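Keep in mind the model is a prediction, meaning the values are calculated, not measured.
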Amino acid sequence: MLFIRPARPDSTGLLAINDLRTPIQDTISMNPEGHGYVSLPAGKYLFLDRDRIDDRRYRQLLRDYTKPAMYNEPIDTACMRRWLNGPFGVVNITDGDTLHLEYPMHGQCSWYATPCVTYNGPLPP
């Protein structure tokens with residue numbers, strides 16, 4: 001599922017910060033191939049995954065990866081701020097638009113699942 005938040009783009013109109021105080025306007029459920037449909041009024045939007053609609057996952061990751069461990073470095077806090085807040089690409093919807101976005105929903109290898117943490121351990125066979 002993707003969450004849709006109204007965006008206030010920068011001067012280029014292409015990027016916007018994920019303002020956590022701005023309410024989520026809508027959601028879109030994706031099928032296994034990464035296709036979904038939603039009807040939106042004209043405007044500028046960010047499409048976000050569940051981890052970026054608030055700061056819960058952000059705070060949890062900062063707690064879990066503050067210190068280095070056997071196979072990973074400590075979390076990069078500047079990277080985490082960019083991960084949560086962006087800037088992200090803006091989707092511009094105009095009246096009467098039909099827009100096709102692809103969002104593949106394939107799983108990741110476990111050593112890439114945690115953002116902003118460098119994994120140094122052995123790779124699985």
Peer 1: For R8 and A16, work out which heavy atoms get closest and say how close.
Peer 2: O-CB, 3.5 Å
Peer 1: Of the non-hydrogen atoms in G86 and I17, which two are nearest, and what is the gap between them?
Peer 2: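 Taking G86 first and I17 second, the nearest heavy atoms are C-CD1, 4.2 Å.
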Peer 1: Hey, does the side chain of D76 reach the backbone of C79 with a donor-acceptor pair shorter than 3.5 angstrom?
Peer 2: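 Checked: pair present.
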Peer 1: Check whether any side-chain N or O of N72 sits under 3.5 Å from a backbone N or O of T118 as a donor-acceptor pair, and report yes or no.
Peer 2: no
Peer 1: Does R63 have more than 12 heavy atoms from other residues, nucleotides or ligands lying within 6.0 Å of its CZ?
Peer 2: yes
Peer 1: Is the shortest heavy-atom distance from the side chain of I4 to the side chain of V38 under 4.5 Å?
Peer 2: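 Yes, close enough: below the 4.5 Å cut-off.
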Peer 1: Give, for atom OG1 of T77 and atom CG of L61, the distance between the pair rounded to the nearest 0.5 Å.
Peer 2: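 Reported to 0.5 Å precision, the distance equals 12.5 Å.
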Peer 1: Is there a side-chain contact between V91 and L46 in this structure, where contact means two heavy atoms from C-beta onward sitting under 4.5 Å apart?
Peer 2: no
Peer 1: Going from CG on L62 to CG on D55, what distance comes out if it is rounded to the nearest 0.5 angstrom?
Peer 2: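 So the gap between those two atoms works out to 9.5 Å.
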Peer 1: Could you give the distance from CE (M80) to SG (C116), rounded to the nearest 0.5 Å?
Peer 2: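 It comes to 5.5 Å.
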Peer 1: Rounded to the nearest 0.5 Å, how far does CG of L84 lie from OH of Y58?
Peer 2: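 Nearest 0.5 Å value for the OH-CG distance: 6.5 Å.
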Peer 1: Could you tell me if the side chain of D51 sits less than 4.5 Å from the side chain of W83, heavy atoms only?
Peer 2: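 They are in side-chain contact.
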Peer 1: When you compare the side chain of P41 with that of Q25, does any pair of heavy atoms fall below 4.5 Å?
Peer 2: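 Result yes, sub-4.5 Å side-chain heavy-atom pair found.
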Peer 1: Are Y65 and E73 close enough that some pair of their side-chain heavy atoms sits under 4.5 Å apart?
Peer 2: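 The answer is no; the side chains never approach within 4.5 Å.
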Peer 1: Do you know which two heavy atoms are closest between I53 and R5, and how far apart they sit?
Peer 2: O-NH2, 3.0 Å
Peer 1: Kindly compute the distance separating CZ (R59) from CG (D64), expressed to the nearest 0.5 Å.
Peer 2: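 It comes to 12.0 Å.
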Peer 1: Is it the case that one hydrophobic cluster holds both L15 and L20, taking links as side-chain heavy atoms less than 4.5 Å apart, direct or via other members?
Peer 2: no
Peer 1: Looking only at heavy atoms, what is the nearest atom pair of F88 and R52, with distance?
Peer 2: CZ-CD, 3.5 Å
Peer 1: Kindly give the heavy-atom pair with the smallest separation between I93 and L40, and that separation in Å.
Peer 2: CG2-O, 4.0 Å
Peer 1: Would you say that P74 contacts K67 through its side chain, given a criterion of any heavy-atom pair below 4.5 Å between the two side chains?
Peer 2: no
Peer 1: Looking only at heavy atoms, which two atoms of D49 and F3 are closest? And how far apart?
Peer 2: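 Here D49 and F3 meet closest at C-CD1, 4.1 Å.
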